Protein chains: 2
Amino acid sequence: MMSREAKKNLTRRALMDAALNLVGEGENFARISLREVAKNAGVVPTSFYRHFRDMEELGLNIVDDLGMLLRKLMRSARQADNYLEDLTQKSIDTYADFVVRHQNHFYFMCQCRTGGTPALRNAIRQELRFFANELAADICQQPSLAKVSQEDLELIAQHIVATVAETTIDLLDLAGTQRNFRHDYTKQLQKKLRLIWLGARVWRSHRQENV
Amino acid sequence: MMSREAKKNLTRRALMDAALNLVGEGENFARISLREVAKNAGVVPTSFYRHFRDMEELGLNIVDDLGMLLRKLMRSARQADNYLEDLTQKSIDTYADFVVRHQNHFYFMCQCRTGGTPALRNAIRQELRFFANELAADICQQPSLAKVSQEDLELIAQHIVATVAETTIDLLDLAGTQRNFRHDYTKQLQKKLRLIWLGARVWRSHRQENV
DNA sequence: CTTTTTAGTGTACAACTGTTCACAAATGTA
DNA sequence: TACATTTGTGAACAGTTGTACACTAAAAAG
């Protein structure tokens, strides 16, 4: 037999997974009904309330999931030697793998980052900001960025993360269908990141020039 | 009296405006019902079908609206002298004004660009790509970008447009509430664009280096 | 053991959903 | 003038929605 708490966690996960699967199948999280989630989790609608007040709270818990995943991603990226040196190559591949492996979560992220309720959007924004700060802490050790202030470094990291997040929907949309799109995607994102990177290297903080 | 066609166009606009207003009030387009739109347009639900097959078709027509707006924006930007030289200053202000003035449309854009149905997402993607191509045609005349290939120029333009679109939701979210957020937003976006711009200036196409 | 707590069940309800259909009234056409 | 077209109406439908309530069975606590 299982403890009551363990069983509860099981159906809790079933509910969240049901929602994630529906999103992965193309449904819009905003219009997934509580009942549909319960049905797909093999549970009666009223049972939903034992775990979440409403769909938004479930969504916020999925964001927590996402946060855990991002931390895991960051950890495994850091394990690789010099992941910053080839930021535009190996890291992108690592990321693409990760996204495909957890596509439901990333569909959810792309969808709710700008399309969710304000609370959801905010939660995702915070997770991405956390990730960006971690990245900033890493890249600040690069000697080529010595002339960049801490504030600007964080902005650069945020811009990198935003760029990656921004393009993720393309990867998800087309990864399944088009054949070697994955290669094109990697190449394009690589160029975009290199563009930022080059800009960062010639960046001078407290500089007033235009253009 | 009005011609039949004119009257039809009137309620057609009323329907689209009703949807846009609901989005502007914080509703998610994906879960706005046909009936609610009809009600807010002062029209019986069945009348909706005289104009659109379903909500998605209405959404696609809003995207057409958006395309017109973007073209207008581009036109007025081009009228300003040397809008490229101070891309990171006057143009951003022009854009911010434009967004606030048409906030319903831009809320819709931000929401549906990643959160809409595939057809909607695609339509918006195309509009933004068109805009990016126009921008690419403008910046290719810059002497500082002489060493950049046409392909890479388009990518850079796309990245600029994506960056602007990406940050627009922040502008909309916080423009109303926080006091001088508008100033912070402008400054941040300015930095991000300058970063891209600096990168573009040192960019060399057909170059194989990493980092 | 007995008692309490609680995750999940089943029924019920009022509100709302998209869509169908027959109809009215105005506009266009001859 | 008379006829046809078309925009909008109103009633009706079957299905779905979120939520409330009383209930059961099993785990936890005494």
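Protein chains get the first letters and strands the later ones, always in sequence-line order, with residue 1 at the start of each. Predicted model, so just to flag it, every value in this text is computed and none were measured.
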Atom [atom1] of [X] and atom [atom2] of [N]: how far apart are they, to the nearest Å?
X       : N      : atom1 : atom2 : value
B:Asn40 : C:dC16 : CG    : C1'   : 15 Å
A:Arg12 : C:dG8  : CZ    : P     : 12 Å
B:Leu10 : C:dA26 : CG    : P     : 17 Å
B:Lys7  : D:dG8  : NZ    : P     : 8 Å
B:His51 : D:dT9  : NE2   : C1'   : 13 Å
B:Lys39 : C:dG18 : NZ    : P     : 12 Å
B:Leu15 : D:dG8  : CG    : C1'   : 11 Å
B:Glu27 : C:dT17 : CD    : P     : 11 Å

Note to self: I'd like to know if the side chain of A:Glu134 reaches the main chain of A:Met74, judged simply by a donor and an acceptor atom lying under 3.5 Å from each other, with no hydrogens or angles considered.
What the structure shows: no
Item checked: Donor-acceptor contact present, side-chain B:Asn21 to main-chain B:Asp17, <3.5 Å -> yes
Between the protein and nucleotides 17-21 of chain D, which nitrogen or oxygen pairs come in under 3.5 angstrom?
from: D:dT17; atom 1: OP1; to: A:Ser33; atom 2: OG; distance (Å): 2.7
from: D:dG18; atom 1: OP1; to: A:Leu34; atom 2: N; distance (Å): 2.8
from: D:dG18; atom 1: OP2; to: A:Leu34; atom 2: N; distance (Å): 3.4
from: D:dG18; atom 1: OP2; to: A:Arg35; atom 2: N; distance (Å): 3.2
from: D:dG18; atom 1: N7; to: A:Arg35; atom 2: NH1; distance (Å): 2.4
from: D:dG18; atom 1: O6; to: A:Arg35; atom 2: NH1; distance (Å): 2.8
from: D:dT19; atom 1: OP2; to: A:Tyr49; atom 2: OH; distance (Å): 2.9
from: D:dT19; atom 1: O5'; to: A:Tyr49; atom 2: OH; distance (Å): 3.3
from: D:dT19; atom 1: O4; to: A:Arg35; atom 2: NH1; distance (Å): 3.4

Notebook entry, point to check: Side chain of B:Arg50, base of D:dG8: donor and acceptor closer than 3.5 Å?
Noted result: yes
Checklist line | Carboxylate-amine/guanidinium contact A:Glu36 A:Arg31, below 4.0 Å | finding: no
Item checked: Sole residue of A:Arg121, A:Arg113, A:Arg71 in salt bridge (Lys or Arg N to Asp or Glu O under 4.0 Å) with A:Glu127 ->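 Among A:Arg121, A:Arg113, A:Arg71, the one that satisfies the salt bridge (Lys or Arg N to Asp or Glu O under 4.0 Å) with A:Glu127 is A:Arg71.
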Note to self: For a quick test of reading the model: is some side-chain N or O of B:Thr11 closer than 4.0 Å to OP1 or OP2 of D:dG8?
What the structure shows: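 Yes, such a contact exists.
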Notebook entry, point to check: Below 4.0 angstrom from OP1 or OP2 of C:dT6, is there any side-chain N or O of A:Lys8?
Noted result: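 Checking C:dT6 against A:Lys8, no side-chain N or O comes under 4.0 Å of OP1 or OP2.
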Next item on the list: Give the ring-plane orientation class for B:His105 versus B:His102, where under 30° counts as parallel, over 60° as perpendicular and anything between as tilted.
Entry: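 Correct class here is perpendicular.
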Next item on the list: Name the closest nucleotide to the A:Arg4 side chain, picking from D:dT7, D:dA28, D:dG8.
Entry: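 Nearest to the side-chain atoms of A:Arg4, counting from C-beta on, is D:dA28.
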Item checked: CD (A:Glu57) with more than 12 external heavy atoms under 6.0 Å ->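 Yes, CD of A:Glu57 has more than 12 neighbouring heavy atoms, counting only those of other groups under 6.0 Å.
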Notebook entry, point to check: Measuring from A:Asp93:CG to A:Tyr185:OH, what's the distance to the nearest 0.5 Å?
Noted result: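 One gets 10.5 Å once the value is rounded to the nearest 0.5 Å.
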